[in-house]
Amino acid sequence: MKRALVLGGGGFIGGHLAHRLKNEGFWVRSVDIKEAHEFWNHEEMCNEYLCADLRDPVKVKEVMSVQEGGEMHPFDEVYQLAADMGGAGYIFTGDNDANVMHNSAMINLNVAYEASRQGAKRVFYSSSACMYPERNQVDPNNPNCVEDSAYPAAPDSEYGWEKLFSERLFLAFNRNYKLDVRVARFHNIFGPMGTWTGGKEKAPAAMCRKVAETDEGGSIEVWGTGQQTRSFLYIDDCLEAVLRFMRQDDFLGPVNIGSEEMVTINQLAQMTIDISGKDLSIDNIEGEEFKTKYGFACPIGVMGRNSDNTLYEEKMGWAVAMPLIDGMKKTFDWINQEVKNA
Ligand code: NAD
């Protein structure tokens with residue numbers, strides 16, 4: 001039986017990934033600083049769930065191999081998804097910069113080192129589109145996020161700088177210690193069973209929550225002018241893309257994993273409203289009005305961002321398929337129910 005380790009297995013993508021790997025027949029260990037996954041039942045999701053702080057090198061050493069029959073066995077697949085992260089309200093205000101950089105870098109330093117030392121067979125690292133330079137994402141209609149546009153580096157957030165550092169870290173372990181790595185840059189992954197409230201939720205979940213909580217005839221607040229563009233990839237397509245990338249031998253990345261269906265944030269908001277069937281309006285809040293209300297500048301991030309999947313499709317011979325609206329319907333249904341149950 002093959003073994004997989006999902007670090008950050010208590011999170012959104014980690015939970016789905018562990019579940020998928022278990023269904024594929026892997027023996028799966030999930031590790032997270034959270035005591036339990038908020039939404040998944042552990043038996044359904046993995047074979048073993050460990051609560052551990054991966055900033056601690058001793059913990060990372062302990063979880064990186066499996067003891068069986070008196071022997072230690074390295075993992076066949078390690079997925080490094082653990083990170084101190086959240087939506088715009090968490091990573092773009094500046095208030096969490098030191099924690100975001102320190103915590104995630106510590107985790108990645110420990111994981112790259114121990115995976116290499118204990119002979120993990122292959123390691124996946126989830127970087128982010130936030131590492132792309134701000135200068136190529138100023139025009140909302142024409143963002144450039146092709147992989148080789150990354151340098152000269154100029155991410156617009158410390159979160160992006162840490163991701164860039166850690167991409168390089170894993171690739172350096174590959175060059176110097178033959179650690180077999182795969183590095184992908186995720187572009188806004190969304191779906192059910194993820195954070196939808198509390199400040200760490202991302203735009204699709206926040207839209208669904210706001211729409212679910214608002215009564216007929218009301219309005220939902222959208223940060224910024226709403227003209228900033230993004231693309232969003234549904235979790236099932238993300239997992240398929242990750243696993244195809246992990247299970248080929250020639251290409252290490254970095255490669256984008258995202259959708260090329262670019263929409264404005266107001267279009268995403270309107271789509272969510274339409275899915276709900278309610279009659280709601282959109283209230284864009286920015287500038288001084290925002291600052292007075294929240295006490296910090298409106299954290300919208302870059303004006304335009306879209307995945308460029310040319311390289312992925314060329315190397316993998318496969319393209320993500322699900323239209324945004326189909327994924328948003330599934331996500332809205334789930335969050336709507338969560339709101340009702342809350
Ligand atoms: P998430 O926040 O739901 O999951 C990350 C998990 O890491 C959380 O469960 C958290 O508790 C855990 N973690 C944080 N610090 C830890 C520590 N010290 N020790 C152990 N666990 C710790 O986020 P996600 O959306 O599932 O993202 C997974 C990965 O993908 C992250 O690395 C993220 O940066 C990257 N990514 C995600 C997106 C997206 O749109 N979801 C986009 C780009 C990149």
State yes or no: do Ile235 and Val6 share one hydrophobic cluster built from I, L, V, M, F, W and Y residues joined by side-chain heavy-atom distances below 4.5 Å, directly or via other members?
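Looking at the clustering, Val6 is in the same group as Ile235.
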Between [X] and [Y], is any side-chain donor less than 3.5 angstrom from a side-chain acceptor?
X	Y	answer
Arg29	Tyr49	no
Thr264	Gln227	no
Asn188	Arg230	no
Glu260	Asn306	no
His187	Asn256	yes

Is any NZ, NE, NH1 or NH2 atom of the basic residue among Glu221 and Lys293 found under 4.0 Å from an Asp or Glu carboxylate oxygen of the other?
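Salt bridge between Glu221 and Lys293, a charged N being under 4.0 Å from a carboxylate O: yes.
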In terms of side-chain geometry, is the basic nitrogen of Lys291 or Glu288 positioned less than 4.0 Å from the acidic oxygen of its partner?
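No, no charged N to carboxylate O under 4.0 Å.
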If you count every heavy atom of other residues, nucleotides or ligands that lies below 6.0 Å from Lys278 atom NZ, does the total exceed 12?
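Enclosed: over 12 neighbouring heavy atoms sit under 6.0 Å from NZ of Lys278.
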Glu77 pairs by side chain to side chain donor-acceptor pair (under 3.5 Å) with which of Lys2, Arg247, Lys121, Arg182?
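Single side chain to side chain donor-acceptor pair (under 3.5 Å) partner of Glu77 among Lys2, Arg247, Lys121, Arg182: Arg247.
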So which of Glu167, Glu162, Lys163 actually passes side chain to side chain donor-acceptor pair (under 3.5 Å) with Ser127?
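The single option meeting the side chain to side chain donor-acceptor pair (under 3.5 Å) with Ser127 is Glu167.
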Salt bridge (Lys or Arg N to Asp or Glu O under 4.0 Å) evaluation trace for Asp84 with Lys200:
CA-CA 10 Å; Asp84 189 0; Lys200 281 197 165 188; 3.4 Å; yes
Mind checking whether Phe190 and Trp196 have ring centres under 6.0 Å apart?
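Between Trp196 and Phe190, which both carry aromatic rings, the centre distance is not below 6.0 Å.
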Can you check whether Phe296 and Phe290 have ring centres sitting under 6.0 Å from each other?
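Aromatic pair counts; centres sit under 6.0 Å.
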